[in-house]
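In what follows, a single structure is set out as structure tokens and then discussed.
Residue numbers begin at 1 in each chain, while the letters A, B, ... track the order of the sequences.
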Amino acid sequence: MNAVNNVKIVLPDGAEREYPAGTTLLEIAKSTSPRLAKEALIARVNGELMDLATPMMTDASVEFISFEDEAGKRAYRHSTAHIMAQAVQKLFPGTKFAIGPAIADGYYYDFDTSENFTPDDLGKIEKEMEAIIKADYPFERFELSRAQALDFFKEKGQKYKAELIEDLPPDTVLSFYRQGDFTDLCAGPHVPSTGRLKSVKLMNVAGAYWRGNERNKMLQRIYGTSFPKKSMLEEYLFRIEEAKRRDHRKLGAELDLFSIMDEGPGFPFFHPKGMILRNELEKYWREEHQKRGYQEIRTPIILNRSLWENSGHWDHYRENMYFTKIDEGDYAVKPMNCPGSILIYNSRLHSYRELPIRLAELGLVHRHELSGVLHGLMRVRCFTQDDAHIFMLPEQIKEEIIGVIDLVNDFYKVFGFTYFVELSTKPEKAMGSDEVWNMATDVLRDALDARGLKYKVNEGDGAFYGPKIDFHLEDSLGRTWQCGTIQLDFQMPEKFNLSYVGEDGQKHQPVMIHRVVFGSIERFIGILTEHFAGAFPAWLAPVQARVIAITDRHAEYACNVVKRLEEAGIRVELDTRNEKVNYKIREAQTHKIPYMLIVGDKEIARDSVAVRHRAKGDLGAMLLGEFEGKLLEEIRTKER
RNA sequence: GCUGAUGUGGCUCAGGGGUAGAGCAGCGCACUCGUAAUGCGCAGGUCGUGGGUUCAAAUCCCACCAUCAGCUCCA
């Protein structure tokens with residue numbers, strides 16, 4: 001039995017301790033270990049996150065949370081956001097405060113001020129934040145009634161805060177945090193005091209609408225980040241630099257892969273080297289799809305208005321489509337490939353024995369995207385979907401979806417991507433009944449479960465014609481990209497009156513799925529470029545080897561080496577320019593060519609090449625035949 | 001589309017009312033070279049586009065276009 005005024009605290013390792021009621025979490029941490037007290041930012045009490053200043057009045061299980069923990073990071077960053085707001089309040093009196101949450105790598109705060117923040121201002125704000133940190137103000141939590149809270153903010157002219165309070169459910173506990181002369185509406189928890197922050201950094205300013213709605217006022221958002229160690233901040237900044245260094249727009253120009261010109265905003269031009277990449281990807285794609293029973297088709301880019309009305313795109317997708325007129329008739333440029341594919345299916349009668357029919361198409365689609373969202377190859381106005389439509393019997397759905405899941409898995413493995421899966425359900429703007437949607441969603445779930453894949457559910461994020469599974473792959477910098485999707489569709493078969501003749505000799509309606517693996521070939525190339533930092537594996541590399549002659553007298557032999565490798569199907573370049581070897585090596589190196597073959601007197605004497613790999617360096621001399629065999633094997637196995 | 005910033009040779013950037021500059025890349029010449037930049041020389045720009053102010057505009061003003069960072073949207 002506890003003494004009446006003691007509370008029993010259970011720690012994660014199972015240890016139980018007793019403290020006088022009213023002992024704060026921080027004091028408990030201190031009594032456990034000084035190190036813990038130093039590192040702990042907040043605590044999880046009976047599963048609920050709390051401030052360390054919270055006094056314990058009842059028995060509880062307590063876990064102290066440091067920056068290592070995701071919840072700790074959020075509290076740390078969120079506290080930094082409050083400090084930034086305090087600094088802005090001091091430097092820019094009269095600023096109205098909106099919201100300031102923690103996000104993936106930091107935090108932001110939205111401000112409403114008459115003047116625009118300049119990079120110079122960010123420096124000033126940062127300085128002020130450092131002063132606030134040095135002052136080590138405690139974060140003090142208190143509660144107010146709704147009326148008191150509204151008065152508090154209205155009196156200060158903080159209309160956004162007042163609006164937030166008015167929109168909260170009536171029974172919400174309104175908590176506030178105060179550090180120094182700054183008070184903010186906030187659910188918390190926060191770190192104990194401003195002095196707990198170490199390295200803070202403001203990243204950039206951007207416009208953001210109040211509540212993300214473009215009809216609302218545009219506020220100024222300052223993004224920042226913070227870390228408990230300077231070295232961690234430096235590492236983070238280095239990672240950002242690395243991402244910049246790998247930017248596919250920059251590498252795409254340097255490696256002469258593609259360009260986007262003023263003459264065609266959002267419509268990329270592929271240069272010869274970029275086309276090699278594309279063609280290799282497509283070659284691999286065709287091989288894999290043939291193996292798995294897909295048949296390739298190609299459908300027109302411009303199709304008649306009535307088709308798009310029938311498919312529902314006219315009603316549901318018009319704002320993203322381009323239109324044209326032919327001989328007085330209305331036509332649209334296809335934003336999706338499915339209607340074309342369906343027309344092919346419908347071009348003749350099908351027996352149940354033929355199903356599933358898998359029609360694959362590398363289809364060029366055009367979509368009108370807002371000018372502000374265009375971004376290199378990642379976000380364009382025309383792109384090639386590696387599409388396929390599978391027409392099948394209802395009882396084949398699960399197996400077909402599993403087949404696609406396996407296909408996607410095999411593809412991503414080749415490039416060294418890990419991935420995760422999301423399941424999206426019925427959106428507001430959708431065709432079809434809840435009943436059909438539920439059934440379709442359940443089938444997708446079943447298929448995922450059958451493969452033991454974990455997934456996250458995105459409510460209301462499906463396509464207008466059916467629910468979908470999305471595959472998000474993670475690149476070498478830890479960023480994620482949505483690429484593959486599988487969309488189940490009970491709507492199109494209905495709209496286009498699809499049928500097959502069943503065992504009973506009657507017409508029945510097939511089910512269809514839409515799916516892509518790369519998503520968009522263009523975007524996938526962008527992702528690959530950044531993933532590999534332009535150093536593509538040999539099978540994809542536009543130039544697989546470059547032969548470098550040391551002096552003029554080695555040019556003829558170099559030329560023969562090139563010819564021999566070309567005959568073996570290797571993409572090879574010759575460099576007999578009148579330059580130093582070092583110069584030529586450097587240039588090949590900056591072009592990220594996998595192999596440099598240096599030839600001089602020694603190599604000529606032995607029919608060999610001195611091999612240098614772009615990453616492994618000098619590999620020494622090798623007989624030409626031996627090198628050829630090794631490289632061909634590397635290409636064949638798609639080695640990374 | 002919205003907010004803000006930017007736009008000068010192929011690339012990276014300087015110049016900021018009075019005759020357009022540098023480095024790299026390119027071209028020419030010399031050096032004939034062994035694993036990340038040899039030297040010298042030459043050529044290359046209607047300063048994003050269109051208006052306006054001015055004796056004079058790359059420079060100041062306006063509009064448009066494009067790009068970049070975000071917002072919203074998405075493959």
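We find that CG of Asp110(A) is positioned 10 Å from P of U72(B), with the value rounded to whole Å. The interatomic distance linking Lys250(A) (NZ) with A25(B) (P) rounds to 16 Å, in whole Å. Going from atom OH of Tyr209(A) over to atom P of G4(B) covers 11 Å, rounded to whole Å. Taking atom CZ on Phe518(A) and atom P on C74(B), their separation rounds to 24 Å, with Å as the unit. Between the P atom of A69(B) and the OH atom of Tyr108(A) lies a distance of 19 Å, rounded to the nearest Å. In this structure, Leu219(A) atom CG and C2(B) atom P are separated by 17 Å, rounded to whole Å. Between the C1' atom of C74(B) and the CG atom of Leu370(A) lies a distance of 10 Å, rounded to the nearest Å. Going from atom NE2 of His366(A) over to atom P of A75(B) covers 17 Å, rounded to whole Å.
No side-chain donor from either of Arg286(A) and Tyr284(A) sits under 3.5 Å from a side-chain acceptor of the other. In this structure, a donor-acceptor pair under 3.5 Å is absent between the side chains of Glu422(A) and Tyr455(A). In this structure, a donor-acceptor pair under 3.5 Å is present between the side chains of Thr425(A) and Glu459(A). A side-chain N or O of His271(A) and one of Asp256(A) form a donor-acceptor pair less than 3.5 Å apart. Remark: the Ser520(A) side chain and the Gln385(A) side chain contain no N/O donor-acceptor pair separated by less than 3.5 Å. Between His289(A) and Glu296(A), the side chains place no donor N or O within less than 3.5 Å of an acceptor N or O (distance only, hydrogens not considered). Judged by distance alone, the side chains of Lys334(A) and Thr299(A) do bring a donor and an acceptor atom under 3.5 Å apart. Asp110(A) and Trp210(A) share no side-chain donor-acceptor pair at under 3.5 Å. In this model, a donor atom of one side chain and an acceptor atom of the other lie less than 3.5 Å apart for His514(A) and Asp489(A).
Aromatic ring centres of Phe420(A) and Phe471(A): separated by at least 6.0 Å. Phe627(A) and Tyr595(A) have their aromatic ring centers within a separation under 6.0 angstrom.
Among the atoms of the strands shown, base atoms are found under 4.0 Å from some heavy atom of Arg379(A). At the heavy-atom level, Val365(A) lies nowhere under 4.0 Å from the strands shown. Within the nucleic acid shown, Glu369(A) comes within 4.0 Å of at least one base atom, counting heavy atoms only.
One C1' atom belongs to U8(B), the other to C47(B), and the distance between them is 4 Å to the nearest Å.
C11(B) is paired with G23(B) under the Watson-Crick or G-U wobble criterion, all donor-acceptor distances under 3.5 Å. With both pairing distances under 3.5 Å, G50(B) is matched to C62(B) as a Watson-Crick or G-U wobble pair. Pairing of U38(B), defined by two Watson-Crick or G-U wobble distances under 3.5 Å, is identified with A30(B). Pair assignment for C73(B): none, as no Watson-Crick or G-U wobble contacts are both less than 3.5 Å. Base pairing of A5(B) is made with U67(B), judged by Watson-Crick or G-U wobble geometry with both donor-acceptor distances under 3.5 Å. Pairing for G45(B) is absent, with no Watson-Crick or G-U wobble pair whose two atom distances lie under 3.5 Å. With a cut-off of 3.5 Å on both pairing distances, A56(B) has no Watson-Crick or G-U wobble partner at all. Under the Watson-Crick or G-U wobble criterion, with both distances below 3.5 Å, G16(B) has no partner in any strand shown.
For the pair Arg278(A) and Phe270(A), the cation-pi test (distance below 6.0 Å, angle within 45°) is passed.
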For each nucleotide in nucleotides 31-39 of chain B, reading 5' to 3', give B when a protein heavy atom comes within less than 4.0 Å of its base, S when such contact involves only the sugar-phosphate, and - otherwise. BBBBBBBB-
Would you mind writing out the side-chain donor-acceptor pairs for residues 525-537 of chain A within the sub-3.5 Å range, not counting sequence neighbours?
from      : atom 1 : to        : atom 2 : distance (Å)
Thr529(A) : OG1    : Ile525(A) : O      : 2.6
Glu530(A) : OE1    : Arg479(A) : NH1    : 3.1
Glu530(A) : OE1    : Arg479(A) : NH2    : 2.9
Glu530(A) : OE2    : His248(A) : N      : 2.7
Glu530(A) : OE2    : His248(A) : ND1    : 2.9
His531(A) : ND1    : Ser476(A) : N      : 2.9
His531(A) : NE2    : Phe415(A) : O      : 3.0

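Residues from residues 403-422 of chain A lying near RNA chain B, meaning a heavy-atom separation below 4.0 Å, are absent.
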Find every protein N or O atom lying less than 3.5 Å from an N or O atom of nucleotides 9-14 of chain B, and list the pairs.
none

What pairs of nitrogen or oxygen atoms, one from the protein and one from nucleotides 65-67 of chain B, lie under 3.5 Å apart?
from   : atom 1 : to        : atom 2 : distance (Å)
A66(B) : O2'    : Asp262(A) : OD1    : 2.6

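The stacking criteria are not both satisfied for Tyr223(A) over the base of G70(B), which would need a centre-to-centre distance under 5.5 angstrom and an angle between ring planes under 30 degrees.
Considering only residues two or more places apart in sequence or on other chains, Lys283(A) meets the salt bridge (Lys or Arg N to Asp or Glu O under 4.0 Å) condition with Glu280(A).
Salt-bridge annotation for Glu587(A) and Arg577(A): present, with a side-chain N of the basic residue lying under 4.0 Å from a carboxylate O of the acidic one.
In this structure, Tyr317(A) and His375(A) both approach RNA chain B, and ranking their closest nucleotides by distance from the 5' end singles out His375(A).
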